[in-house]
Protein chains: 2
Amino acid sequence: MTVLAHTKVTRQDWLDAAMSTLIETGVEQVKVLTLATRMGVSRSSFYWYFKSRADLLDGLLAAWEAHNPAAMIAQAELPSQSICEAICNIHKCVVNPALFDIPLDFAVRDWARRDASVKARVTAADARTCAALAAMFTHHDYDPQEALIRARVLYYMQLGYDAAELNESWEERLANVSHYLLAFTGRPPRPEVVADFAAYARAHTGENS
Amino acid sequence: MTVLAHTKVTRQDWLDAAMSTLIETGVEQVKVLTLATRMGVSRSSFYWYFKSRADLLDGLLAAWEAHNPAAMIAQAELPSQSICEAICNIHKCVVNPALFDIPLDFAVRDWARRDASVKARVTAADARTCAALAAMFTHHDYDPQEALIRARVLYYMQLGYDAAELNESWEERLANVSHYLLAFTGRPPRPEVVADFAAYARAHTGENS
DNA sequence: TCGATTCTAGACAGAAGTGTCCAGAGGTTG
DNA sequence: CAACCTCTGGACACTTCTGTCTAGAATCGA
């Protein structure tokens, strides 16, 4: 009995439905039956387009790679007259959802936390992105070491990427975050506060609580 | 046959096992059978201590509330001689795992994304924390509006909290992030770059991509 | 129009989770 | 030592997933 009036679905339809489910509720909720009922179609139809659920998930990860990391790297490689313009190009990733899908990024990073193979692909993509950001700073005459620190701080802010994931030592972390704090209190920069932080950083680097 | 030599477990043992599973692999993986085998005990023993799985999860959320938000608020309310010292107190939350459990925070926020009642409790805790941070700034003579912005930017950095969760408008977001960018490029502050950003912010506020 | 190809529905099997029930082991107490 | 309370193991029922198989509807081309 052909009660349902809808036409046939495509492989892309399954991918789209899976993608929005991934973003809204996480990988664990990307279930064949759920997607099928949501699309008003039988569950077994799925297996015509995909070898298995794992096959579908692999497609989602590939779509993420082709979207977010690629976009941020492209923004980093855009020609720019000043470091201000360059950073603003990166800044657009946070501001423009079409350019960079933040909820998707969160969903994928969360997925990576509980799947080692996904984790590896995300880490590799992060390395490529960070390298592109560092290159952006060096092109504007920052020395390589400072460029890398700035790239990482920028990355934290852009993605809300937790420093713990980088497996830094306590000292590295304090140095980096102090770096940020020095900047944070200044608009307009108040010399006495900057000096205050510099003294704090000198006094506390190496201590452990 | 009593092959197993281990003694009885306690309610706290279940909570501890559930907590570390939550942190390592997410809520979805907090399963009664998994915890039981991990503790070398029968699954049905669980139901003597807890009414249901939901009861266990509620205990986990309560433990989070009593730990992380409470700790950051306590840090914010610590007496301080300068804003520098006050921010450094908050800064300790990122640096000292005993004070503030970042992986736990990530796990809970991820959980909140797919459970409305959890989301509500997390949002309420965030509001309390942000209020405490803003009060910290006002105590050091920042005007209320700037104090709130600084509290939120600080919060982004501390928790890697994505701005999207705050449901800001595009303009609010650009204003806040520009605020941050103004600070970011200065160590030591270079007046020409600051001016550059100020001009960019003036020119682009209100535009939409 | 007729046959081949493309896609879907429904039935089936099996794995993994939750929650219930109850016999009984193992301390504790009178 | 006997009764009692506390806790655990194992069996059972039920639900919700994944993946397979097969008949057959729908579509398209010759």
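Chain A is the first sequence line, chain B the second, and so forth, proteins listed ahead of strands; every chain is numbered from 1.
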Please state how far atom [atom1] in [X] lies from atom [atom2] in [N], giving the value in whole angstrom units.
X     : N      : atom1 : atom2 : answer
A/R53 : C/dA15 : CZ    : C1'   : 14 Å
B/Y49 : C/dG19 : OH    : P     : 18 Å
B/L57 : C/dG19 : CG    : C1'   : 15 Å
A/W48 : D/dT20 : CH2   : C1'   : 15 Å
A/R11 : C/dT8  : CZ    : P     : 14 Å
A/F46 : D/dG19 : CZ    : P     : 7 Å
B/Y47 : C/dC22 : OH    : C1'   : 17 Å
A/D13 : C/dC7  : CG    : C1'   : 13 Å

**Asked** Taking 4.0 angstrom as the limit, do A/R11 and A/D16 come out as a salt bridge?
**Response** no
**Request:** Salt-bridge test for A/R38 and A/D13: reply yes if a basic N is under 4.0 Å from a carboxylate O, no otherwise.
**Result:** no
**Fill in**
Residues A/E28 and A/K31: closest non-hydrogen pair is O-CE, 3.4 Å
Hydrogens and angles aside, do [X] and [Y] bring a side-chain donor and acceptor to less than 3.5 Å of each other?
X      : Y      : value
B/T34  : B/R43  : no
B/W64  : B/D105 : yes
B/T123 : B/R128 : no
B/H139 : B/S80  : no

**Prompt:** Under 4.5 Å between any side-chain heavy atoms of A/W111 and A/L61, yes or no?
**Reply:** yes
Report, one pair per line, the protein and nucleotides 11-14 of chain D atoms (nitrogen or oxygen only) whose separation is under 3.5 Å.
none

**Under the ring pair (Phe, Tyr, Trp, His ring centres under 6.0 Å) test, residues paired with B/F46 that sit two or more places apart** = B/W14, B/F50
**Request:** Can you sort out which residues in residues 24-37 of chain B have a heavy atom within less than 4.0 Å of DNA chain C? Ascending by number, please.
**Result:** B/K31, B/V32, B/L33
**Message:** Both B/S42 and A/K51 contact DNA chain D. Taking the nearest nucleotide for each, which residue is further toward the 5' end?
**Reply:** B/S42
